[in-house]
Amino acid sequence: MKPLSVQSEPTTGALEFPPGFTWGAATAAFQVEGATTADGRTASIWDTFCREPGRVLGGHTGDPGADHYRRVAEDVALMRSLNLGAYRFSVSWPRVRPDGGDLNPAGIGFYDRLVDHLLDNGITPVATLYHWDLPQALEDRGGWAHRDTAARFAEYAETATAVLGDRVSMWTTLNEPWCSAFLGYGSGTHAPGRSDPSAALAAAHHLLLAHGLAMPVIRANARDAVAGITVNLFPVLPASDSAADADAARRVDGLQNRLFLDPVLRGAYPADVLDDVRHLGLAGCVRPGDEEVIAAPVDFVGVNFYRDHHVAAAGAGERAGGAWPGSEDLVFPPRDLPVTALGWEVRPEGLTELLVGLDRDYPGTAWYITENGAAYDDEPVGGEVDDHDRVSYLDGHVRAAHAAVTAGVDLRGYFAWSLLDNFEWAEGYAQRFGIVHVDYATQVRTVKRSGRWYAKVAADNRVPGGAEVW
Ligand code: FCB
């Protein structure tokens, strides 16, 4: 690996992390694997969505992805060269139980090999059971809006953990149920592309129920493992001190953060959110005993963090769209902040604020940052990808995480999103989040400057000071 050259741009001094802090990188099955029809895999809702005109930029699909399915040995060697302590991947439900039906030995075989490669290379496997790739056959029966899908998920969890539970020591059930429910069934911008606020709220409940039903299954099959859930959380800042903006912020915090955290960590849905959405029928989906199931004790919560929410009440004619069921009268006014290639505002201190607030509101919880990263338009020049913007983003956020640790938050690890450039959902291949560049035509991998920076952080358990790496 090439040494990092020294540049003049200063950051602040070096920061040590606590011994044993986990440094990893994350991907998800549909985003990197490609091979969407190999070895008995059948369609997920994302395969279907990609084929619908106008849904995904450029009509891109899950192929080729980063061809991770076929290049897994090479990719694990790459992870080792980056000094990763852990690799967070997701298991593909339509590979393992095609059409939501019986076990497909060839499909689970891929994860069997992946896990063995990781362990052989000293990398801890961290498996997510659901990163948005519901078998299409289950969507055809109602998808997450249908209660039965939660029971099907528990069956799939049984299959995956029965095979991998002896070697995978860290599990998360779901990735970002807010996106699955509210982008998938509310705004319709993600698969399966439905726009129905009642279905979106039913989906949120059934996803949480699926999580709760899967927890004892994981406990039984992976006795020594830790298990939890990954949610995408945002600090929510009102745009002004007006009562209307404060209420807009309360509602966004409710639908984004507390709707998912409260039932898992406190055993009940937040009363104000239930009131906000009462006309949409969420309470009617919640049967006696469901909240107890959802509140199965977790060992940790994974936090995916990219940005904060700056919220105001909408003026006449403005609407936030269906991602906020029952609260469409919101806007997210832009601020004078740097933005990533996706237009996401960069404000790293939001991560410290979030973690410190979580520790206050949900004391006694262990946290991991299971995703953090940024899209920038980087291309190799002379075999190098000089992604200073991404180094700056990661440096700022890792420092913000450190500030939370210093403030006493039980934060145990950090996973960069993403190991590889990959299929960025409705954005197709247009957005690059990797610390490793992928040329999709040749599948050549090029470690970016950010990858070299991150390898040093992971090796030293320490963020280097400015003069050491820039
Ligand atoms: C998160 C997703 C992940 C990736 C990043 C950029 O919401 O979990 O798959 O797309 O955003």
Side-chain angles (χ1 to χ4, degrees), residues 24-34 44-47 49-50 55-57 60-62 65-66 68 87-93 126-134 172-187 189-191 204 207 211 228-234 255-257 260 301-309 323 339-346 350-351 354 368-378 387 389-390 393-394 397 414-438 448 450:
T27 66
F30 191 75
Q31 294 180 276
V32 295
E33 287 178 2
S44 74
I45 52 175
W46 271 95
D47 296 271
F49 195 68
C50 288
R55 295 292 206 177
V56 173
L57 206 71
H60 296 164
T61 71
H68 186 58
Y87 175 51
R88 175 175 178 255
F89 60 95
S90 78
V91 178
S92 162
W93 189 346
V126 179
T128 296
L129 285 168
Y130 185 70
H131 202 126
W132 306 356
D133 46 0
L134 183 71
T172 59
T173 50
L174 308 177
N175 178 73
E176 301 189 359
W178 180 89
C179 292
S180 300
F182 295 166
L183 301 183
Y185 295 81
S187 66
T189 47
H190 278 189
L207 281 151
H211 156 79
I229 186 171
T230 277
V231 280
N232 52 329
L233 303 178
F234 294 64
L255 288 167
Q256 180 81 62
N257 302 323
F260 297 93
V301 172
V303 178
N304 291 357
F305 180 84
Y306 290 91
R307 56 188 166 143
D308 61 17
H309 280 319
V339 292
T340 70
L342 269 171
W344 295 359
E345 292 179 336
V346 179
L351 178 57
L354 175 71
Y368 284 82
I369 296 167
T370 38
E371 287 180 25
N372 175 242
Y376 291 106
D377 297 326
D378 25 50
D387 57 340
D389 286 342
R390 187 173 292 99
Y393 181 99
L394 295 175
H397 285 78
Y414 174 97
F415 292 74
W417 182 273
S418 176
L419 174 69
L420 301 166
D421 287 339
N422 60 50
F423 175 84
E424 178 46 33
W425 309 112
E427 303 292 328
Y429 295 97
Q431 299 292 335
R432 294 180 175 275
F433 272 91
I435 57 173
V436 175
H437 181 273
V438 175
K448 302 179 189 178
S450 58

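The first residue of the sequence shown is numbered 1, and numbering continues consecutively from there. Just so you know, ligand 1 is whichever comes first in the structure, and atom 1 is the first atom listed for that ligand.
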Please state which protein non-hydrogen atom is closest to [atom] and give its distance, to 0.1 Å?
atom	answer
atom 10 (O) of ligand 1	E424 OE1, 2.7 Å
atom 2 (C) of ligand 1	E371 OE1, 3.3 Å
atom 5 (C) of ligand 1	Y306 OH, 3.2 Å
atom 7 (O) of ligand 1	E176 OE1, 2.5 Å

Passing option when T370 is tested against T230, N175, N232, T172 for side-chain hydrogen bond (donor to acceptor under 3.5 Å, both in side chains)
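So the option named by the test is T230.
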
For Y130 and W93, take the angle between the two ring planes, folded into 0 to 90°, and tell me which bin it lands in: parallel under 30, tilted 30 to 60, perpendicular over 60.
perpendicular

Give me the ring orientation class for Y376 and Y393: parallel if the planes are under 30° apart, tilted from 30 to 60°, perpendicular past 60°.
perpendicular

Any idea which atoms of ligand 1 are less than 4.0 Å away from a heavy-atom of [X]?
X	value
Q31	3 (C), 4 (C), 9 (O), 10 (O)
W425	3 (C), 4 (C), 9 (O), 10 (O)
N175	8 (O)
F433	6 (C)

Among the heavy atoms of N232, does any lie under 4.0 Å from an atom of ligand 1?
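In this structure, N232 fails to qualify as a contact of ligand 1 - no heavy atom is under 4.0 Å.
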
Quick check: does [X] get an N/O under 3.5 Å from an N/O on ligand 1?
X	result
W344	no
W132	no
H131	yes

R432 pairs by salt bridge (Lys or Arg N to Asp or Glu O under 4.0 Å) with which of D421, D389, D378?
D421

side-chain contact (heavy atoms from CB on, under 4.5 Å), that's the test. Do L342 and F433 meet it? Break it down for me.
CA-CA 10 Å; L342 269 171; F433 272 91; 3.6 Å; yes

Criterion side-chain contact (heavy atoms from CB on, under 4.5 Å) on F423 and Y429, from CA distance to verdict:
CA-CA 5 Å; F423 175 84; Y429 295 97; 3.7 Å; yes

Side chain proximity check, W417 to N422, heavy atoms < 4.5 angstrom
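Yes, close enough: below the 4.5 Å cut-off.
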
What do the steps show when you test V346 against T340 for side-chain contact (heavy atoms from CB on, under 4.5 Å), and what is the final call?
CA-CA 7 Å; V346 179; T340 70; 3.8 Å; yes

